[in-house]
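Quick notes on the structure that follows.
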Amino acid sequence: MELPDVGKVFGLDIAGLADQAQEQASKAAELQRRVSGLVGHAETADGRIRLSFSPDEGLSELHIDPRAMRIGSEELAATIRELTRQAMRDLAGRKQDAARELFGAGFESEAAKPDPEAMRRALRGMSEVVESTGQEMLTLVDRLRRGVER
């Protein structure tokens, strides 16, 4: 008994899908390499407080001009917290830019997301193939068993 060709049953180009998966894996590895060295930056409007944020080090650089010390410790702390959030957003934007460069502008679009209904239909189809193949295998085993018992 010959098992059905899953690619033909579902109209899939298995080799093409494998090539696409390999390409995506290569791009993902390249993206990881690119984002590992990225750093987000932020500074106050007057430039007296500047900081950098990296995934590896967190707050990786902090520059406080002595004149900024006049604002008081609570305001200074609040400013540093806000600049840290801004630097983290800057870093996230840089990561998005790197991903867009590698995967294209629509990589995060709705169109790129899988269609749940299409996935359900495909899974139902796969389930039917597996069930049908299982029934065929049981029939074959039963025939073999009867042949051995004779």
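Only this structure's heavy atoms are used, side chains among them; waters, hydrogens and symmetry mates stay out. The structure displayed is predicted, hence computed values, not measured ones. The first residue in the sequence is number 1, and the count goes up from there.
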Subject >> Counterpart residues, salt bridge (charged side-chain N to carboxylate O under 4.0 Å, His left out), relative to R89 (two or more places apart) >> reply: E82

**OP:** Applying side chain to side chain donor-acceptor pair (under 3.5 Å), name anything that partners T44, two or more places apart in sequence or on another chain.
**Re:** D46

**OP:** Just jot down the side chain to side chain donor-acceptor pair (under 3.5 Å) partners of R94, sequence neighbours excluded, or say none.
**Re:** D90

Original post:
Which pairs pass salt bridge (charged side-chain N to carboxylate O under 4.0 Å, His left out) with one or both residues in residues 57-72, sequence neighbours excluded?
Top reply: D65-R67

Original post:
At their closest point, which heavy atom of P55 faces which heavy atom of L38, and how far apart are they?
Top reply: CD-O, 3.5 Å

Original post:
Is there a path from V39 to L91 through hydrophobic residues (I, L, V, M, F, W, Y) whose side chains come within less than 4.5 Å of each other?
Top reply: no

Subject >> Approximate separation, where rounding is to 0.5 Å, of H63 NE2 and R48 CZ >> reply: 10.5 Å

**OP:** Determine the minimum heavy-atom distance between F53 and A87, stating which atoms define it.
**Re:** CB-CB, 3.8 Å

Original post:
Which residues satisfy the side chain to side chain donor-acceptor pair (under 3.5 Å) test with S52, sequence neighbours excluded?
Top reply: H41

**OP:** Could you identify which residues cluster with I80, counting Ile, Leu, Val, Met, Phe, Trp and Tyr as linked when any side-chain heavy atoms lie under 4.5 Å apart, either directly or through a chain of such contacts?
**Re:** I49, L51, L59, L62, I64, M69, I71, L76, L83

Original post:
Sequence neighbours excluded, which residues qualify as side chain to side chain contact (heavy atoms under 4.5 Å, CB included) partners of E30?
Top reply: R33, R34, L102

Original post:
E74: what forms a salt bridge (charged side-chain N to carboxylate O under 4.0 Å, His left out) with it, not counting sequence neighbours?
Top reply: none

**OP:** With sequence neighbours left out, write down each residue that passes salt bridge (charged side-chain N to carboxylate O under 4.0 Å, His left out) with E75, or none if nothing qualifies.
**Re:** none

